[in-house]
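Everything below concerns the one structure shown next.
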Amino acid sequence: MIRLLLVPGCVLACLVGCASPAQEAALPARAPQIIPLPNRVAWSAGVFALGPATRIVATGGEEAIWAAHWLADLLRRTRHFDLRVADPSSLPSSGVILLELGTAQGSTAPEGYRLEVSPERIVVSANDAAGLFYGAVTLWQLATANLDERAPAPAVSIPALTIDDAPRFHWRGLMLDPARHFVPPASVKRMIDWMALHKLNVLHWHLSDDQGWRIEIDAYPRLTEVGAWRVPAGPAAAAEIDPETGEPRRYGGYYTKAEVREIVAYAAKRHVTIVPEIEMPGHAQAALAAYPELGTGEAPPGVSADWGVHTWLFGVDDATFEALETILGEVLELFPGEYMHVGGDEAVKTRWQESPAVQARMRELGIPDETALQSWFVKRIERFLTAHGRKLIGWDEILEGGIAPRATVMSWRGVDGALEAAALGHDTVLAPSPTLYFDHRQSELASEPPGRDAVIPLEDVYRFRPMPDGLAPDQRHHVLGIQANLWSEHIRTPERLAYMAFPRAAALAEIAWSMPARLDWPSFVQRLARQFERYRALGLTFATSAFDLRPSARRRADGSIAVQLANQSGAGEIRYTTDGSPVTPAAKRYAGTLELAGDTELAARTYLDGRPVSRELRNTASRLADRRASQELDVCSRRVVLALEDDAPREGPRSVFLTDILNPCWTWHDAELSGVNGIKAAVGQVPFNFQFGGERPDVTLAAPDNPQGELEVRAAGCDGDVVAVLPLTPAVRSQGVTVLSAPLAQRANGSADLCLRFRAPGYDPLWVLDWVELERAGPAAAMP
Ligand code: ACM
């Protein structure tokens, strides 16, 4: 995913508020600094000077007034202007922003708006409140197109223009998964705010799963008393004793009904509809830990602390349906939206197959197999939802065995589910894995937080096409829109959630809102630099992975080190220093391979349009050449590759390890071994808390020579000679990372593919590599 930095830095730069006329004339095209890009923009002459004296006037009712205050608040937070929301009766003739609801001058499409900027005033008009709100978002973006001014400007010049805009799709969603890691109410609200600023409008709230039940249900209080809490996996968590109970501290939480009502109302003000999800018949372990009688016999051992596909299913007797309908009834009371998501995914049927009661029920109903039974289950739930005036949506497994008559399909196993649903005359939402699974890493860099492998760069999200090619023209109306999913097994904190979401959610927003002909990756990248400044002003944590620098360093025979720098997107320009000083836009521009002495401190950063858009890379040349993090090595196989976070220490930073959990083995291709006399490796151990639908994991792990295991290093690949062995004994008792070292068995000349592989007595704990380093200096005694 690394591309060379050949793109000129400032193709579409300086569009709003910073361009001199001469620069403007040279621009090939003018895109306003807005994400998602509006569908029609006509520029005219002059500017509107927005400053502290500008007034906002709203007409058309409460929702317009609310939008006016919300706009004023945004401008206060990001531009430090305190604009007054004035009474329409005293409408000034100039210096006014007018928000008019119910008087659309332009598009009358749902959620559409017109925004007209003239030197005298700005008018946002829309037929519906969502449209007016989105017009206000667009205006706020025009007013924050240039936030990098050193001192607060007395006024912002907004160029005169007319925008006519409306969304391509009406389902522009993000899914939050508070089941795996709880998302506190305040963080859910912040996510809603950020969604609204991207014109995203559906929050799919995954409220139940094997690892937690997250919504208060009056009729079934144990769902939260029991189902909302788990003891995390592994010895580090087991050793953390809660002084109140004397037991290991439990992890969890849930939303009270009052909190849910508040969040639903909060979202509605921001034109975000919440679609709640209660999983059935699978992903039910937390519910069944609370009420085992709703299952098929045996009680689960507790709320799961494992990730993966579990086996616990709801039963199919009438009492279970009555319970599920009571629960859904309470959920529907809280959520006024049209859709209820009932899951339906990954329901391994073994427990139904093994249950005499379930088998008897199937015979009684004349149902031939368990897939048909799940279809019958979902149809029964759909009848309940229909009777309550709601629509059922489920993951694409609800197609199997026959789809319920009115169901909408959320296509996650690629887009095939969407194609099938549309061909059958059903609506569908595209949320395909892996492209729209935002729990995937955004780059190969070691600086990425944990997540699933298969890197999903920003550009891949941007280039995803929401209308699958295989769809006949008369089926296209069935595509309601698109959604990205933030599964949270590996997303432990709200900051990480934001990091995984943004800016990929900005790309999602643009492909969901803007017409295909408007989409243009270079233009999006340029606009992103300004969007990053808005994120900073709002305190939003976001990923700079598309611009972060990936160094590639190689030792030469004379001891010097050749360093090349690139970033994932190939955009922007790289500036660097080699004297320890900070990198600034005026620092030297990177133009090709750097030849550095080993002790040189290299610092570098990507700038776009003069704005910093990456983290700072800072390291010594020798460390760049001689050390590799696990993320910078090749895994030997890609069966289940994850970037896992250490489960210790309790406070402070934890390491992240990239590994195939079924084969802990890495290759360092073409490692320069001349002059190397030893190998140092930082190793960790994490709980093996994964389930595979009731199957035993098929782990590739060789028996060790040392009783507690070792990290074995071979040269010339994994079948080559053993060149070092690092026994794990010193690391066994450490819950964090331990640095081990060993001499190289023999001096080598030249380079070789190093294979690093754990040999251990068992696969739990799972041994993982943090980094490995080649040692070149050291006491002679260390030599063999
Ligand atoms: C899913 O990812 N199991 C919907």
Side-chain angles (χ1 to χ4, degrees), residues 171 173-181 202-214 275-287 304 306-314 339-350 371 374 377-378 381 392-401 403-404 407-421 426 428-441 450-454 456 461 464 480-491 497 500-501 504 508 640-642 689-695:
W171 188 301
L174 267 189
M175 190 210 73
L176 289 193
D177 168 18
R180 276 52 179 266
H181 282 105
V202 177
L203 176 76
H204 168 179
W205 211 4
H206 185 78
L207 290 166
S208 73
D209 215 303
D210 301 300
Q211 300 81 2
W213 182 281
R214 302 288 178 226
V275 175
E277 179 182 359
I278 300 293
E279 277 268 20
M280 59 189 76
H283 287 286
Q285 185 169 333
S304 180
D306 292 348
W307 315 131
V309 178
H310 294 54
T311 59
W312 300 92
L313 300 182
F314 283 113
Y339 288 93
M340 173 78 218
H341 201 302
V342 299
D345 58 320
E346 299 179 320
V348 177
K349 305 296 188 299
T350 334
T371 303
Q374 175 163 334
F377 186 115
V378 174
I381 294 292
L392 179 148
I393 182 166
W395 300 110
D396 56 42
E397 286 92 332
I398 65 168
L399 285 156
E400 294 166 7
I403 185 169
T408 299
V409 172
M410 188 165 271
S411 189
W412 74 275
R413 294 175 298 178
V415 299
D416 290 354
L419 293 173
E420 190 180 338
H426 286 252
T428 183
V429 174
L430 278 74
S433 163
T435 311
L436 299 188
Y437 268 40
F438 286 180
D439 54 336
H440 280 258
R441 298 188 296 152
R452 288 196 220 189
D453 185 47
I456 300 299
V461 177
F464 175 72
L480 302 182
I482 58 173
Q483 173 176 300
N485 297 332
L486 284 157
W487 299 107
S488 73
E489 288 92 334
H490 310 292
I491 306 179
L497 195 65
M500 297 305 271
R504 287 187 293 195
L508 177 84
V640 182
V641 180
L642 296 170
N689 59 327
F690 306 98
Q691 296 210 18
F692 299 85
E695 306 279 323

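In each ligand, atom 1 is the first atom listed, and ligand 1 is the first ligand listed.
- Relative ring orientation between W487 and Y437 is described as tilted, the plane-to-plane angle lying within the 30° to 60° band.
- Here is the list of ligand 1 atoms found below 4.0 Å of a heavy atom in W412: 1 (C), 2 (O), 3 (N), 4 (C).
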Handout entry: W171/Q483 under side-chain hydrogen bond (donor to acceptor under 3.5 Å, both in side chains): CA gap, chis, key distance, verdict
Key = CA-CA 7 Å; W171 188 301; Q483 173 176 300; 3.1 Å; yes
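- Ranking protein heavy atoms by distance to atom 3 (N) of ligand 1, first place goes to D345 OD2, 2.6 Å.
- Here is the list of ligand 1 atoms found below 4.0 Å of a heavy atom in W487: 1 (C), 2 (O), 4 (C).
- Of the protein's non-hydrogen atoms, Y437 OH, 2.6 Å is the one closest to atom 2 (O) of ligand 1.
- In this structure, a donor-acceptor pair under 3.5 Å is present between the side chains of S304 and H310.
- Between H283 and ligand 1, no N or O atom pair is found at a separation short of 3.5 Å.
- Less than 6.0 angstrom separates the ring centroid of H341 from the ring centroid of W395.
- Salt-bridge check for K349 with E397: failed, with every basic side-chain N at 4.0 Å or more from each acidic carboxylate O.
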